[in-house]
Amino acid sequence: DAGITQSPRHKVTETGTPVTLRCHQTENHRYMYWYRQDPGHGLRLIHYSYGVKDTDKGEVSDGYSVSRSKTEDFLLTLESATSSQTSVYFCAIRDRGRITEAFFGQGTRLTVV
Amino acid sequence: SQQGEEDPQALSIQEGENATMNCSYKTSINNLQWYRQNSGRGLVHLILIRSNEREKHSGRLRVTLDTSKKSSSLLITASRAADTASYFCATDAGNKLTFGGGTRVLVKP
């Protein structure tokens, strides 16, 4: 299995509080992605990174920010959590090169009450 | 809206039958990938087809790609109960990897 770890695995938080999810990899892969998965929507891309300090928005980036200060860590922050951000969040990594597969973490189940 | 859309959303078959699911996408791609997700788990890569390929096989999996129609299909032959999962297509367009809504497959023993 690819070395990718998400933390925490489960979190319950209150509306309006900040939340940070962490994705850690030991593969030295260039690309890192954050997705959210909701029933009826499949996986939707939130933000992604193509290198240290290089990030870009995905299709559902509003309300989220990211940071990547080291190759191995990609942080997803909900500045002020809302109930609509209750979801399962997946991190994925991918090596450089045009023809590469992604490896996924086990997911973080976030509940905003 | 999402780049890839799978059809059907759900599929129920008997063990031993074939399962076919389709994926349509909107923009130019470098390659298209298929993933499987077992309940409560992360996605696992199954197969990748490049934009200049039309068909690819891997074990019981067969993938086709028609770039003129912006569509792909995944065929699982001789299905097994262990194939019960959700299947997702993902389009690779440069740095982004964008997924569709998935097809839920139930293989009944």
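Per chain, numbering begins at 1; letters A, B, ... match sequence-line order.
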**Report entry** Intermediate values then yes/no, side-chain contact (heavy atoms from CB on, under 4.5 Å), A/Tyr35 and B/Thr98
**Finding:** CA-CA 9 Å; A/Tyr35 296 91; B/Thr98 309; over 6 Å; no
Answer with yes or no whether the hydrophobic clustering places [X] together with [Y]; edges join I, L, V, M, F, W, Y residues whose side-chain heavy atoms lie under 4.5 Å apart.
X: B/Tyr87; Y: B/Leu61; answer: yes
X: B/Val44; Y: B/Phe88; answer: no
X: B/Ile47; Y: B/Met21; answer: yes

Query raised in the report: Taking C-beta and beyond as the side chain, do B/Leu48 and A/Thr100 meet within less than 4.5 Å on heavy atoms?
Result: no
Query raised in the report: salt bridge (charged side-chain N to carboxylate O under 4.0 Å, His left out): which pairs involve residues 37-57 of chain B, sequence neighbours left out?
Result: B/Glu55-B/Arg62
**Report entry** Within residues 99-109 of chain B or reaching into it, pairs that qualify as salt bridge (charged side-chain N to carboxylate O under 4.0 Å, His left out) - sequence neighbours excluded
**Finding:**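 Non-adjacent pairs meeting salt bridge (charged side-chain N to carboxylate O under 4.0 Å, His left out): zero.
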Query raised in the report: In terms of heavy-atom contacts, does CD of B/Gln9 have more than 12 from other residues, nucleotides or ligands at under 6.0 Å?
Result: no
Query raised in the report: Is the CZ atom of B/Arg80 crowded by more than 12 outside heavy atoms at less than 6.0 Å?
Result: no
Query - Straight-line distance of B/Leu97 CG to A/Tyr31 OH, nearest 0.5 Å - result: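 Spacing of CG (B/Leu97) from OH (A/Tyr31) equals 11.0 Å.
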**Report entry** Ring centroid separation B/Phe99 to A/Phe104 under 6.0 Å
**Finding:** yes
Query - Proximity breakdown for A/Gln37 and chain B, heavy-atom pairs closer than 4.5 Å - result: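 Contact with chain B involves the side chain of A/Gln37 alone.
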Query raised in the report: Thinking salt bridges, do B/Asp92 and A/Arg94 make one under a 4.0 Å N-O criterion?
Result: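 Between A/Arg94 and B/Asp92 there is a salt bridge, with a charged N closer than 4.0 Å to a carboxylate O.
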Query - Residue pair B/Lys96, A/Tyr50: steps toward the side-chain contact (heavy atoms from CB on, under 4.5 Å) verdict - result: CA-CA 9 Å; B/Lys96 282 188 181 182; A/Tyr50 46 96; over 6 Å; no
Query raised in the report: Checking heavy atoms, do the side chain of B/Glu6, its backbone, both or neither come under 4.5 Å from chain A?
Result: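 When you check distances to chain A, no heavy atom of B/Glu6 falls under 4.5 Å.
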Query - Atom of A/Tyr33, atom of B/Asn95 and distance for their closest heavy-atom approach - result: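 Taking A/Tyr33 first and B/Asn95 second, the nearest heavy atoms are OH-O, 2.6 Å.
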Requested in this report: Work out which heavy atom in B/Gln33 is nearest to a heavy atom in A/Glu101; give both atom names and the distance.
Outcome: OE1-CA, 3.6 Å
